[in-house]
Amino acid sequence: MIKKVIVAALMLISSQEMLALKIEGNLIKDNHGNSIEIKEYNKLIVLDPAVVETIYLLGGEDKIAAIGKTAMSKIYPEEKTKDLESVGNIAKPSLEKILSYTPDLVILNGMSTKTGETLQSLKIPYLITGASNIEEILDNIKAYGEIVGKKSESEKLYNESVAKVEELKERVKDKPLGLKGTVLYSVSPMMGFNSKTLPGEVLELLGVENITNELTGERPIISQEFLLKENPDFLAGAMSIKSTDDIKNSNPAIKEIKAGQKDNIFIVDSNKILRGSPRIFELVEEFYEELLKVKNKEEKDYNSSTVASQ
């Protein structure tokens, strides 16, 4: 049964370049040509919040010596991660601090690749990782299980994650949203996430018609004319967008479209749709509940207008 569920989940995947770690023989490899021996590592420096979260979910947090801190978002479980030692910002960590912990493995993210060049010259093992879709999140679970010596725990987390995807698909099938909209990356200029991104795949999973899929680029610019033509039911702000007013005041077309007229403009926690850790499978369900409110509002308005016209 679980194999069928896995196949169903993987049908959601886009065909973009893979960022996840891959297990090949006795090695774990990244997409940048780096590889490490499969064994248990005991002094990790982790510069990717999603990896930190995954390691905690696996129960391997005692392997983390220090992490890179984020400026805009918290790392789960915050009550524990806030007390972890820091090597600086996730994009530009302090090499001096990294070396002070004498790590046996450094896990970098896509923004800190230059740090890897220095680590390579110092013969310090490192990997560069990320997850831009569901398949990559699942692949990474197994790799991190090997790294922190939690292989059986990673198998369990993997299977639970796949099951959650399937359960959510069933919920959406039973109660489809039937909405059109997008998640905004920025408002100046207005840009959205298309299907080649993790937020775009989340919208696809939830059965939302993503208006940006017609545009070019992973985060295409949304013009005033395009916004009027598509007339989305909702707009959700993420990343650095902190206020619905930022969205409402960003484009004159907002007042003309359904999302603006019905006040279906809101902020979605970026962790729910952008951070590639297994927590996303629970957090996406919360996003679904938020969109259900938009759907219910639409249905209520429709029913009210129907009664009024009779």
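The residues of the chain are indexed from 1 along the displayed sequence.
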TODO: Quick one: pull up CG in L157 and CD1 in I141 and give me the separation to the nearest 0.5 Å.
DONE: 4.0 Å
Task: I75 to T81 - nearest heavy-atom pair and separation - done: O-OG1, 2.6 Å
Task: Expected output: side-chain K80 to main-chain E61 donor-acceptor under 3.5 Å - done: no
Open item on the list: Using 0.5 Å steps for rounding, measure from the OH atom of Y185 to the CG atom of L274.
Closed with: 9.5 Å
TODO: Answer yes or no: does atom CD of E289 have more than 12 heavy-atom neighbours from other residues, nucleotides or ligands under 6.0 Å?
DONE: yes
Open item on the list: Counting C-beta onward and ignoring hydrogens, is there a side-chain heavy-atom pair between K293 and N296 closer than 4.5 Å?
Closed with: no
TODO: Could you walk me through whether N264 and L179 pass side chain to side chain contact (heavy atoms under 4.5 Å, CB included), step by step?
DONE: CA-CA 11 Å; N264 290 334; L179 296 173; over 6 Å; no
Task: Closest heavy-atom pair and its distance - I222, G192 - done: CD1-N, 3.8 Å
Task: ILVMFWY network linking M191 to L228, side-chain heavy atoms under 4.5 angstrom - done: no
Open item on the list: Per the side chain to side chain donor-acceptor pair (under 3.5 Å) rule, what does the pair list look like for residues 37-57, sequence neighbours excluded?
Closed with: E40-K63, N42-K63, K43-T102, E53-R275, E53-S277
Task: Hphob cluster co-occupancy, I67 + L119, side-chain heavy atoms under 4.5 angstrom - done: no
Task: Test side chain to side chain contact (heavy atoms under 4.5 Å, CB included) applied to V183 and F287, step by step - done: CA-CA 11 Å; V183 176; F287 186 33; 4.2 Å; yes
Open item on the list: Quick check against the 3.5 Å criterion: does N213 have a side-chain atom that pairs as donor or acceptor with the backbone of N194?
Closed with: no
- [ ] Test L57 against Y76 for side chain to side chain contact (heavy atoms under 4.5 Å, CB included), laying out the working first.
- [x] CA-CA 9 Å; L57 290 170; Y76 169 90; 3.9 Å; yes
Task: Distance (rounded to the nearest 0.5 Å) between T244 OG1 and I267 CD1 - done: 6.0 Å
TODO: Indicate yes or no: at least one non-hydrogen side-chain atom of E282 is less than 4.5 angstrom from one of R279.
DONE: no
TODO: Not counting sequence neighbours, which residues clear salt bridge (Lys or Arg N to Asp or Glu O under 4.0 Å) with K29? List them please.
DONE: E24
Task: Nearest-0.5 Å distance, CG of residue L44 to CD1 of residue I147 - done: 7.0 Å
TODO: Check whether V148 and I38 end up in the same hydrophobic cluster, where Ile, Leu, Val, Met, Phe, Trp and Tyr are linked by side-chain heavy atoms less than 4.5 Å apart.
DONE: yes
Task: Check: V202 and V208 side chains under 4.5 Å, non-hydrogen atoms - done: no
TODO: Report the C-alpha separation of R219 and F193 in whole Å, then their side-chain angles, then the decisive distance to 0.1 Å, and conclude whether the side chain to side chain contact (heavy atoms under 4.5 Å, CB included) test is met.
DONE: CA-CA 5 Å; R219 295 190 290 270; F193 292 96; 3.7 Å; yes
Task: S112: side-chain contact (heavy atoms from CB on, under 4.5 Å) partners, not counting sequence neighbours - done: L47, P93, L108, N109, T115
TODO: Search all heavy atoms of K258 against all heavy atoms of P232 and return the closest pair with its distance.
DONE: CB-O, 3.6 Å
TODO: Using modelled atom types only, decide if a donor and an acceptor are shared between the side chain of D233 and the backbone of K180 within a distance under 3.5 Å.
DONE: yes
TODO: Write down the atom of I98, the atom of P103, and the distance for their closest heavy-atom approach.
DONE: O-CD, 3.3 Å
- [ ] Would you check if the side chain of S270 reaches a backbone N or O of M239 as a donor-acceptor pair within less than 3.5 Å?
- [x] yes
Open item on the list: According to side chain to side chain donor-acceptor pair (under 3.5 Å), who are the partners of N210, at least two apart in sequence or on a separate chain?
Closed with: T182, T212
TODO: Could you list all the salt bridge (charged side-chain N to carboxylate O under 4.0 Å, His left out) pairs where at least one residue sits in residues 142-155, not counting sequence neighbours?
DONE: E146-K151
Open item on the list: So L177 and L292, do their side chains get closer than 4.5 Å, heavy atoms only?
Closed with: yes
Task: Residues that, via side-chain heavy atoms closer than 4.5 angstrom, fall in one hydrophobic cluster with M111 - done: I90
Open item on the list: For a 4.5 angstrom cut-off between non-hydrogen side-chain atoms, does L227 reach I254?
Closed with: yes
Task: Over all atoms of both residues, closest heavy-atom pair of I45 and A65 - done: CD1-CB, 4.2 Å
Task: Within-4.5 Å side-chain heavy-atom neighbours: E167 and F281 - done: no
Task: hydrophobic_cluster_shared for I124 and I128, side chain cutoff 4.5 Å - done: yes
- [ ] Can you sort out the partners of E214 under salt bridge (Lys or Arg N to Asp or Glu O under 4.0 Å), two or more places apart, ordered by chain and number?
- [x] K229
- [ ] For the residue pair F234 and F266, categorise the inter-ring angle as parallel (less than 30°), tilted (30 to 60°) or perpendicular (more than 60°).
- [x] parallel
Open item on the list: A side-chain contact here means heavy atoms from C-beta on lying under 4.5 Å apart; do V172 and L205 qualify?
Closed with: no
TODO: Sequence neighbours left out, what pairs pass ring pair (Phe, Tyr, Trp, His ring centres under 6.0 Å) with at least one residue falling in residues 77-127?
DONE: none
Task: Gap separating the CD1 atom of I28 from the CG atom of N34, nearest 0.5 angstrom - done: 12.5 Å
Open item on the list: Checking D263 now: which residues fulfil salt bridge (Lys or Arg N to Asp or Glu O under 4.0 Å) with it, not counting sequence neighbours?
Closed with: K248
TODO: Could you tell me whether a side-chain N or O of K295 sits under 3.5 Å from a main-chain N or O of P176, the two making a donor and an acceptor?
DONE: yes
Task: L283 side chain near D269 side chain, heavy-atom distance below 4.5 Å - done: no
Open item on the list: Taking L58 as the starting point, is it possible to reach V46 by hopping between hydrophobic residues whose side chains are less than 4.5 Å apart?
Closed with: yes
Task: Set of residues satisfying side-chain contact (heavy atoms from CB on, under 4.5 Å) with respect to P125, sequence neighbours excluded - done: I36, L105
Task: Distance in Å, L21 CG paired with I107 CD1, rounded so as to fall on 0.5 Å steps - done: 7.5 Å
Open item on the list: Show the nearest heavy-atom pair for residues E201 and S132, with the distance to one decimal.
Closed with: OE1-O, 4.4 Å
Task: Pairs where residues 114-130 contributes a residue and the test salt bridge (charged side-chain N to carboxylate O under 4.0 Å, His left out) is met, not counting sequence neighbours - done: none
Open item on the list: Per the salt bridge (charged side-chain N to carboxylate O under 4.0 Å, His left out) rule, what does the pair list look like for residues 234-247, sequence neighbours excluded?
Closed with: none
